[in-house]
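Just follow the structure's listing: the first ligand is 1, and inside any ligand the first atom is 1. Note: hydrogens, waters and symmetry copies are ignored here, and every other heavy atom, side chains too, is used.
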Amino acid sequence: MEGLLSKVDSEIGKILQEELTREQKTLSLIPSENYASKAVLEAQGSIFTNKYAEGYPGKRYYQGCRFIDKIEEIAIQRAKKLFKCEHVNVQAHSGTQANMAVYHALLKPGDIILSLSLAEGGHLSHGGKGTLPYKYYRIVNYGLDKASERFDYKEIRQLAKKFSPRLIIVGTSAYPRKINFSPWKEIAEEVGAYLLADMAHLIGLIAAGVHPDPVPYVDVVTATTQKTLRGPRGGLILCRKELAPLIDRAVFPGIQGGPFMHIIAAKAVCFKEAGEPQFKDYQKRVLSNAKALAKVLKEKGFRLISGGTDNHLLLVDVFSRGIPGDRAADLLEEGGIVVNKNSIPFDSRSPVSPSGIRLGTPAVTTRGMGELEMEVIGEWISEILLNPNDEILRKRIRKKVEEICEKFPIYKN
Ligand SMILES: *Cc1c(COP(=O)(O)O)cnc(C)c1O
């Protein structure tokens, strides 16, 4: 991964090497992280970054877009085929930008958005404090059912009827269960709201057919390409044909200028990879690994939110074992296991020091790890968290983490 960079800019080149070593020698259990393929990286680091291409294929505001148009067309066609949808916009710079574009396309200032509260696993871009949607729209939040820690359709329907939102959002960053889209569609139809599925986390599972498909049920799907889809850092919007002009105009010129053509090229590569049979096997292993990790942690006495997982992530209540989420994440990082702190439903603690940690298997599965490794990793997590004062233990585990990481390199050559 070296080359010209370290010669031209030794400062950045050195940090690149350090980050590469960190990624290689630690276990990422952050559910939103993954390792993009070398082909994706190559496209992302290519001369496509040089081209200005405001507009859409065949309708650009710049000359010289002959090849760029082909790239964007291929990306769009591949995504349409992969997700069996009528229209695709591949220009959104990120998942958050994709959501902003949808709001800009479908809402007027003051309209009501009904979304999951941030504390219960919603995403900032669904109208959290300090965000643009928080300023321009009225945000109403639903929560989760206290006993099951799952969606409470009765409450969602009641809120929808009471507030008549213009937009309902389904999609979360920390929900370990399958999402069925038909009750959402029913509710949205009952109140005449648009329905947005924010599949930032689940899009790779959906591409592989191991999670219910939102496309037949919703008006718009937004997603990121860097999480379970294992592509470049970027956004993606799928929608019905009727909404296509609104969505496209909302992305450009609505909220963005020139598209990132190097990223769009990398998205095209990732859609190709996601359409291959190995990708389906990969996603199946992501799920079986998450189940295996959940099983060990449960056996060790940890409480999992909603009792387990049927997707790529799990939320663990670590505070019930006496250790806040931020401290847990710090201790695990000392042991070479990288996770993030996370609020749990009905958390009595603050987001800065919440009760939980969030774990996911997309990245370790890309490295080729399987259920055996998940068992070992689950045991290490448990040992570290149950012995917070044992620094020697963390050092010992850190060594073993490095050994296992060497056996499963992030890039094979
Ligand atoms: C990660 C995520 C996003 C945003 O992704 P960015 O690319 O970081 O902007 C949006 N919605 C949900 C539910 C997410 O988990």
Side-chain angles (χ1 to χ4, degrees), residues 28-34 36 40 44 89-104 113-134 137 139 141-144 151 167-179 181 184 195-207 211 214 218 220-238 250-251 255-256 259-260 263-264 266-267 270 286 290 305 309 311-315 339-343 345 351 356-363:
S28 172
L29 290 178
I30 294 176
S32 48
E33 289 187 359
N34 216 325
V40 164
Q44 201 172 349
N89 184 302
V90 293
Q91 291 194 3
H93 296 331
S94 71
T96 295
Q97 289 286 89
N99 287 339
M100 297 307 130
V102 174
Y103 307 152
H104 189 41
I113 297 176
L114 179 60
S115 62
L116 179 62
S117 64
L118 189 59
E120 256 65 67
H123 191 261
L124 261 176
S125 63
H126 299 173
K129 278 207 180 89
T131 65
L132 188 137
Y134 182 79
Y137 310 109
I139 310 296
N141 283 149
Y142 54 88
L144 296 174
F151 294 131
L167 178 71
I168 299 176
I169 307 178
V170 50
T172 115
S173 301
Y175 191 70
R177 294 301 181 176
K178 241 182 221 130
I179 300 177
F181 298 97
W184 293 92
L195 181 58
L196 164 64
D198 178 349
M199 297 291 101
H201 265 264
L202 297 172
I203 194 75
L205 281 60
I206 292 164
H211 184 279
V218 308
V220 187
V221 176
T222 53
T224 59
T225 47
Q226 74 270 17
K227 296 181 183 175
T228 51
L229 204 53
R230 212 163 61 181
R233 197 156 283 281
L236 176 68
I237 307 175
L238 320 175
V251 175
I255 59 160
Q256 290 185 181
F260 292 174
I263 299 294
I264 291 173
K267 286 174 183 171
C270 116
V286 166
I305 302 317
T309 176
N311 61 25
H312 64 301
L313 68 83
L314 28 147
L315 247 191
V339 308
N340 66 278
K341 63 181 176 188
N342 217 99
S343 295
I357 55 171
R358 191 179 65 149
L359 308 176
T361 52

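For ligand 1, the atoms lying closer than 4.0 Å to a non-hydrogen atom of Ser94 are 7 (O), 9 (O). For ligand 1, the atoms closer than 4.0 angstrom to any heavy atom of His201 are 15 (O). In summary, the atoms of ligand 1 found under 4.0 Å from a heavy atom of Ser173, numbered by their order in the structure, are 12 (C), 13 (C), 14 (C), 15 (O).
Scored by the ring-ring contact (aromatic ring centres under 6.0 Å, His included) test, Tyr142 finds Trp184 as partners (sequence neighbours excluded). Not counting sequence neighbours, the partners of Tyr137 by the side-chain contact (heavy atoms from CB on, under 4.5 Å) test are Tyr103, Leu107, Ile113, Pro133, Ile139.
The two atoms that bring His211 and Ile206 nearest to each other are ND1-CG1, 4.0 Å, heavy atoms only. Scanning both residues, Val251 and Gln91, for their nearest heavy atoms gives CG1-CB, 3.9 Å.
Within the 4.0 Å heavy-atom criterion, neither part of Thr222 lies near ligand 1. Contacts with ligand 1 closer than 4.0 Å are made by side-chain heavy atoms of Thr224 only, the backbone lying farther away. The proximity of Gln226 to ligand 1, defined as any non-hydrogen pair under 4.0 Å, is limited to the side chain.
Residue contact check for ligand 1: Gln97 places no non-hydrogen atom closer than 4.0 Å to it.
In terms of polar-atom proximity, defined here as any N/O pair under 3.5 Å, Gly171 makes no such contact with ligand 1. Geometrically, ligand 1 and Thr172 share no nitrogen or oxygen pair separated by less than 3.5 Å.
Of the protein's non-hydrogen atoms, the one nearest atom 6 (P) of ligand 1 is Gly95 N, 3.6 Å. The shortest contact between atom 1 (C) of ligand 1 and any protein heavy atom is with Lys227 NZ, 1.3 Å. At the top of the distance list for atom 11 (N) of ligand 1, counting protein heavy atoms only, stands Asp198 OD2, 2.6 Å.
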Notebook entry, point to check: Run the side-chain hydrogen bond (donor to acceptor under 3.5 Å, both in side chains) check on His126 and Asp198 step by step: do they pass?
Noted result: CA-CA 9 Å; His126 299 173; Asp198 178 349; 2.7 Å; yes
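Side-chain atoms of Thr224 come within 3.5 Å of backbone atoms of Ala200 as a donor-acceptor pair (strictly under, hydrogens ignored).
In Arg233, the CZ atom is not crowded: 12 or fewer heavy atoms of neighbouring residues, nucleotides or ligands sit closer than 6.0 Å.
For the residue pair Gln256/Gln97, the side-chain donor-acceptor check at 3.5 Å is satisfied.
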